[in-house]
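Here is the structure we will look at.
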Amino acid sequence: MKNIVIFGAPGSGKGTQSDLLVKKYGFKHISTGDVLRAEMKNGTELGRTAKGFIDNGQLIPDELMIDILAATYDSLMPAEGVIFDGFPRTIPQAEALKDMLAKRNAEVSVMLELDVPDEMLIERLVNRGKTSGRADDNEETIKKRLTVYNNQTAPLIDWYEKEGLRRAVKGYGSLEEINAELCKVIDSL
Ligand code: AMP
């Protein structure tokens with residue numbers, strides 16, 4: 001079974017590429033952002049807690065996120081593969097993911113990093129905001145999210161490099177080109 005972490009800044013195309021990989025390989029997809037948005041839509045307590053952080057461009061606390069991730073993962077089993085999209089976002093989350101999988105006799109197969117220059121990220125997110133209906137896709141919150149990414153999430157690049165799991169791919173150009181590069185890596189696993 002493959003456990004694939006798709007990694008990149010907000011707007012790097014993780015969700016779009018995950019959808020293409022799900023179609024091709026039949027993997028299950030865990031987007032922690034989608035899980036939280038569904039909770040917000042349903043007006044649950046978790047949704048209300050999450051909203052305060054999300055609307056501010058901040059991360060939900062690790063302990064909460066780790067519980068949500070484990071519950072979501074278990075609800076999708078058995079599976080041929082899982083794509084983790086938007087998780088981990090901090091080093092404690094990456095350690096927790098490793099532990100959670102180890103307890104289930106599994107491991108992360110690869111971390112696929114989508115590299116996109118900052119100016120392109122802002123442009124993509126501002127454009128997405130015109131149709132996404134996401135309260136966090138406005139210029140002010142986008143800038144905060146990129147700062148949070150650089151401070152709290154980007155250190156995972158080195159972390160996964162040290163684990164020997166990091167594979168970086170150019171995250172701009174046509175969707176098909178990017179997808180082909182990701183598939184090459186997955187097929188080589
Ligand atoms: P995304 O859809 O992945 O861009 O996530 C939207 C927002 O949800 C983020 O800006 C965070 O506030 C929150 N979020 C999603 N995943 C995580 C995570 N793994 N850890 C903490 N916060 C998260």
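In listed order, ligands and their atoms are each counted from 1.
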Can an N or O of Ser31 be found at a distance shorter than 3.5 Å from an N or O of ligand 1?
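Such a contact does not occur with ligand 1.
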Please report whether ligand 1 has a polar contact with Gly86, defined as an N or O pair separated by less than 3.5 Å (distance criterion only).
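Checking ligand 1 against Gly86, an N or O pair does fall under 3.5 Å apart.
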With heavy atoms under 4.0 Å as the rule, classify the contact between Leu36 and ligand 1 as side chain, backbone, both or neither.
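The side chain, only.
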Sub-4.0 Å heavy-atom approach of Lys14 to ligand 1:
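Lys14: no contact with ligand 1 (<4.0 Å).
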Among all protein non-hydrogen atoms, which one is nearest to [atom], and what is the separation to 0.1 Å?
{"atom": "atom 7 (C) of ligand 1", "answer": "Ile54 CG1, 3.9 Å"}
{"atom": "atom 22 (N) of ligand 1", "answer": "Ile60 N, 3.1 Å"}
{"atom": "atom 20 (N) of ligand 1", "answer": "Gln93 NE2, 2.9 Å"}
{"atom": "atom 16 (N) of ligand 1", "answer": "Thr32 OG1, 2.8 Å"}

For Arg37, atoms of ligand 1 separated by under 4.0 Å from a heavy atom:
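Close to Arg37: 2 (O), 6 (C).
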Could you work out, for atom 12 (O) of ligand 1, the closest of Gln58, Met65, Arg89, Arg134 by heavy-atom distance?
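Nearest heavy atom to atom 12 (O) of ligand 1 lies in Gln58.
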Going by the rule side chain to side chain donor-acceptor pair (under 3.5 Å), which residues pair with Ser132 if we only count those two or more places apart in sequence or in a different chain?
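Here the qualifying residues are Asp137.
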Set of residues satisfying side chain to side chain donor-acceptor pair (under 3.5 Å) with respect to Asn127, sequence neighbours excluded:
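For Asn127, the residues satisfying side chain to side chain donor-acceptor pair (under 3.5 Å) (neighbours in sequence not counted) are Lys130.
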Hey, does Tyr73 have a side-chain heavy atom less than 4.5 Å from the side chain of Asn3?
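Contact flag for Asn3/Tyr73 side chains = yes.
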Within the structure provided, determine whether Arg166 and Ile157 are in side-chain contact (heavy-atom separation under 4.5 Å).
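In short, these two side chains touch, coming nearer than 4.5 Å.
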So is Lys170 actually on top of Tyr172's ring, under 6.0 Å and inside 45° of the axis?
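Verdict for Tyr172: a cation-pi partner in Lys170.
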Do Arg104 and Asp74 meet the salt-bridge criterion of a basic N to acidic O distance under 4.0 Å?
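Here Asp74 pairs with Arg104 in a salt bridge, since their nearest N and O are under 4.0 Å apart.
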Could you go through the salt bridge (charged side-chain N to carboxylate O under 4.0 Å, His left out) check for Glu181 and Lys184 one step at a time?
CA-CA 5 Å; Glu181 288 302 311; Lys184 248 195 246 166; 3.2 Å; yes
